[in-house]
Every structure is written in structure tokens, then in C-alpha cells.
Amino acid sequence: MKKIHVLILQAFIRPFMVCFCIVMFVLLMLFLFKYIDDLIGKGFEWYVLMELIGYQCAVQLSMALPLSMLLSSIMTFGNLGESYELVAIKAAGYSLRKAMTPLIFLVAFFAGGSFLFSDYILPVVNLKMGSLLWDVRNKKADFLIKPGIFNSSIPGYSIRAKSKSKDGTVLYDLMIYDHRLGNAANNVLLAKEGFMQNSADNNYMILRLKDGVRYEESRSKNAKRYDPRQQFTRFRFKETEQKFDMEAFQMKRTDESLFKTHHSMLNLKQLKLYTDSNKLQLDSVSRSIFLETKNYVSYLSTYYRDGNVKQASVKHFDNFLTDYVPTDLRRGVISNALGQAQQLNNIFEMKDPEYRAYLDKDIRYHIEFHRKFTLAVSCLLLFAIGAPLGAIIRKGGLGLPVVVAIIFFLIYHIISTMAEKAAKDGSMDPLIGMWMAIIVLSPLAAFLTYKSTTDSALFDADQYKIKLEAAWKWITSKFRKQTPQQQP
């Protein structure tokens, strides 16, 4: 490897690492902003949040890697062009394509690694990420008492405190309703003060109550009427403890096997297996619909004439009633046809949800299958756009290259998102939908590569100004020549 190749590799790797970290940070912030309501106030341990962020970093790799490739390639060749290093390389007898050869191999290595990552690692990450995010979103918020408001988050209890201390551990003027028996008025507890703390294993919350009274009514659990034999009891206490089970506030981990059949959690072999199995189910539903409806569809129609049953061709169906069916039998024929049409409609309404469910699964499996390849190809495509674009604009830093990179990435992302949505809706083939952005932008990459190798001043404003002035002079000269001829 020559010094020119080492120079270009070093010039690419540094901005690539910086851009990758910045893009990943921005994507993580967007993720946290999206799920901030599900994370705040639930008392998660730090390692749970770090595990969630780690999984999200792997999931966001599909967006961070192509964008980093585009941005770093524009910055690299923009810096080389701005400092006239590309001119020196070409003066030494190296073409731009030849100087980029090691960098092309490096990007191809990243693309191959991203394909292996999306096939072997990303399904496992999606499985763990989906399971953990499900548990996080379904976990209840920590028990919180607001002054003057009843809190019913603990099953079987309603708790209200008129006020509390600044640190929230001491509650004043407590009222606790125990309605575990189905009637909130059965057991009531009043206390002037209560100190709140957790048990050693954090499975229970303990309230140390002072100066209070407990009212209990010995009504049976299923009693619906007042019984004079029931007993009403009042207990006064100086100090007592009330224990509350906090199991409902603990985060329970869901079995990951429940999510294993999701399309985003399958590799290529599993996707092919599930696709074939789903195809058999889809064909089975289609066959059952055909068998149930064929009895109500006939290509030849029967009619009565002169007391005999005859056949009428389909091409004469418009005149069937008037030409072949006697007047006294027309009402019966129409009624029979309407009945059969209603039977067909009932069959379709009954089978349509099942058919659409299998059809939607088939589309999702095909979309996920092609997604494994589009991540790797998008890295190559965006590099093929960014590298010649940076050599043409010849501007480095984080100014113009960032703006140009964001514009081209937005074009790629918008096209891919809209095409994927159309594929999910069934209005576009999954193959075309997933590769639409690459198909559209590939000619652009070839055009920019050609312009960069021919030293084209594609973004030079002075060149466009000169061409516009020349065009204006040509138009005015033509107009001056034609003006005398038009005079009488």
C-alpha cells in the first residue's frame, strides 16, 4: 500500500468515527424523547437503562452507518480538494478512481459486515430490545402520593394525605380505604402522621402510622343487605404499621420466546422457512374459498321454457330474463340469484380477515428479507454519492458538507420510507419497494462519479454565471438582428 492510499484512509477514518458518534448520539436522543414518558418516574435501575440504550445503538445502526458513510466521504474528499491534495495526487499520475481503491475495499468491508450484522446479530438484538421495551412500557410508575388526592395504584387500597414533607417520606392527615372485600366503606383507617419506607427486599412498602383510629365492619364478603348481627369495631392506636404489597410496581420480564416469530426477529433462513409455511397457509385459505364459492357460480344458466330445462350461453345473459325465463318464474329466479349473491358475500366476509392476515405476513416477511441486503448496498451507494460529490464541491469542515449530506440522505430516506409503506400496503411489490431508493439514486451516483473523474465544475457558481452571460449575449444578438427586418 502506497503513502497516497494511507493518506486517504487516515483522512477518511477520523471523520467517519466522529460522524458515526454524532449521528448515533442524535438518534439515541430521538429515541429517548420518544419514550421519555415510559422511562421517567418508574424507578428503573441504571443497568436497565444502559441495556436499553445498548440495544437501541445496535438497532439504529441501519440509519447511522449509511449517513456516516455519506457525511464522512463528503468531508474527506472536500478537505482533500480544498487543500489541493487531490490536484497533487492527479499530478503524480494517479486518477481519482485509482487513489480511492483502498477506500472502496474498506467501505465494501463495512458493507459486508453490516450484512452479516443484519442477518445474525440484529434479529437477536431486536428480540431482546422488543422484549425489554415491552416490559418497560408496561411497568407501573413508582408509588407517588400527591397532597389532597386519592391514590388507587396499589391494588385494594385508596390512600390520601392532606400534606407531606419535602422529602416525601412523611405523610400527614392520612386516610386509607381498604376495599379488598369489594366495598370501600368496610375498613377505613385515619392517622395524623405516617412514615413511609420500603422493606429490605423492596417487595413491600411499610407505613408507620401514629395517633390514629381504624374502623372495621364485619360484613361478609358477598353480603348485599344490611345484617343487624354484623359487628362494627373501632381501634385506636398510638403507633402501628401497615404493609402494602408492591408486586404490581415491580418490572416483570416477559418470556422472549413469545416474540420470536415476529418478522424483524428472524434471519434469512428463518424468514425463508416462515415464508414457505405462510405461503402454504395462504394457499389453503384460497383453496377453501374457491371450494366454498364454486357451488354458487355457474358459467351456464338454466332456464325454463315449454316445461323443459335448457341451457343459455353467458353471452346471452343480458337478455336471459326476457328471452328464456317465463314471466311467472322471474321473481323466483331473481330471488334465487340474490340469495346466492348473499351467500357469496357472507363467505367472503368470513374468510377475508384470515386471508388478509396471511397476506400481510407474507408481505412483511418479503420486506424483511430484502432489508437484510439494502443496508449493505445503501452504504456502498451513499459512499459512491458522497466521495465524488466531495471532490466536486471541494469544501471541507462541518459547514457545506453537512448540509449537502443531510439533503441527499433525506432524499434517500424519504424515497425508501414511502416505497416501503407502499409495499406494506400491498400497492407495490416488496422487491421494488425495498430497492426503490437504490434504483433511483444509482444513476445519480454514476453521474457524479463521471463528473468527478472529468474534473467537472458542477457546483462552481462562476462557471454558471459565465454560461448565463454568454446565453444572454446570444439571445440579445439574435433579437437585434431580427428587429430591423420586422420594420415596414
Side-chain angles (χ1 to χ4, degrees), residues 12 15-35 56-79 81 107 110-111 114 118 122 264 367-368 370-425 427-428 430-452 458-459 461:
F12 175 79
F16 173 75
M17 297 302 296
V18 174
C19 294
F20 182 79
C21 294
I22 293 174
V23 172
M24 187 62 71
F25 175 78
V26 173
L27 293 176
L28 283 178
M29 290 300 101
L30 293 176
F31 167 76
L32 293 177
F33 290 153
K34 181 179 180 181
Y35 293 102
Q56 186 62 24
C57 287
V59 171
Q60 294 295 346
L61 192 67
S62 60
M63 288 189 64
L65 189 58
L67 181 56
S68 302
M69 285 287 179
L70 176 62
L71 183 56
S72 59
S73 60
I74 294 178
M75 292 177 61
T76 299
F77 288 91
N79 288 326
V107 175
F110 276 114
S114 64
S118 63
L122 191 58
S264 64
I367 288 176
E368 197 63 31
H370 293 290
R371 196 193 306 276
K372 307 292 184 183
F373 300 93
T374 54
L375 173 59
V377 178
S378 64
C379 294
L380 295 172
L381 174 66
L382 294 180
F383 173 78
I385 292 175
L389 194 59
I392 293 173
I393 63 177
R394 298 174 184 176
K395 291 291 184 181
L398 293 174
L400 182 60
V402 174
V403 176
V404 175
I406 291 176
I407 291 174
F408 277 94
F409 184 77
L410 285 177
I411 294 173
Y412 169 80
H413 185 65
I414 290 172
I415 294 174
S416 61
T417 301
M418 294 179 63
E420 182 179 347
K421 184 177 180 181
K424 289 180 180 179
D425 294 339
S427 56
M428 184 180 293
L431 174 63
I432 300 176
M434 294 304 296
W435 292 91
M436 177 62 72
I438 296 173
I439 294 172
V440 171
L441 294 180
S442 293
L444 177 62
F447 172 75
L448 292 175
T449 302
Y450 169 75
K451 287 294 183 181
S452 64
L458 189 61
F459 293 94

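All of these numbers come straight from a predicted model, not from anything done at the bench.
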Write down the atom of I367, the atom of P430, and the distance for their closest heavy-atom approach.
CG1-CB, 4.0 Å

Quick one: CD on Q56 to NZ on K34, what's the gap to the nearest 0.5 Å?
8.5 Å

Measure the OG-CG distance between S378 and L70 for me, rounded to the nearest 0.5 Å.
10.5 Å

Closest non-hydrogen atoms of A111 and A376, given as atom of the first, atom of the second and distance, are O-CB, 3.2 Å

I want to check something: taking the side chain as every heavy atom from C-beta on, are K451 and P388 in contact at a cut-off of under 4.5 Å?
no

Relative to the ring of F12, is the ring of F383 parallel (under 30°), tilted (30 to 60°) or perpendicular (over 60°)?
perpendicular

Would you say the side chain of I406 lies within less than 4.5 Å of the side chain of V403, judging by non-hydrogen atoms?
no

Min side-chain heavy-atom separation M436-M428 under 4.5 Å
yes

Approximate separation, where rounding is to 0.5 Å, of L67 CG and M24 CE
10.5 Å

Interatomic distance, CG@L122 vs CG@L375, rounded to 0.5 Å, equals 8.0 Å

Minimal non-hydrogen separation, L28 against C57, with atom names
CD1-SG, 3.4 Å

Closest heavy-atom pair, C19 versus M75, reported as atoms and distance to 0.1 Å, is SG-SD, 3.6 Å

Taking every non-hydrogen atom, the tightest pair across V23 and A64
CG1-CA, 3.7 Å

Donor-acceptor contact below 3.5 Å, side chain T417 vs main chain I414:
no

L61 side chain reached by F20 side chain, heavy atoms, under 4.5 Å
yes

Would you check if F408 and L382 make a side-chain contact, meaning some heavy-atom pair closer than 4.5 Å?
no

With no hydrogens and no angle check, is any side-chain donor or acceptor of T374 less than 3.5 Å from a backbone partner on R371?
yes

Euclidean distance, L444 CG relative to L381 CG, rounded to 0.5 Å
8.5 Å

Using 30° and 60° as the class limits, which term best fits the ring planes of H413 and F409: parallel, tilted or perpendicular?
parallel

Provide the closest heavy-atom pair for I415 versus A437 in the form atom of the first, atom of the second, distance.
CG2-CA, 3.5 Å

Please name the residue in the list V377, L65, L380 that meets the side-chain contact (heavy atoms from CB on, under 4.5 Å) test with S114.
L65

Drop me the distance from F16's CZ to M69's CE, to the nearest 0.5 angstrom.
4.5 Å

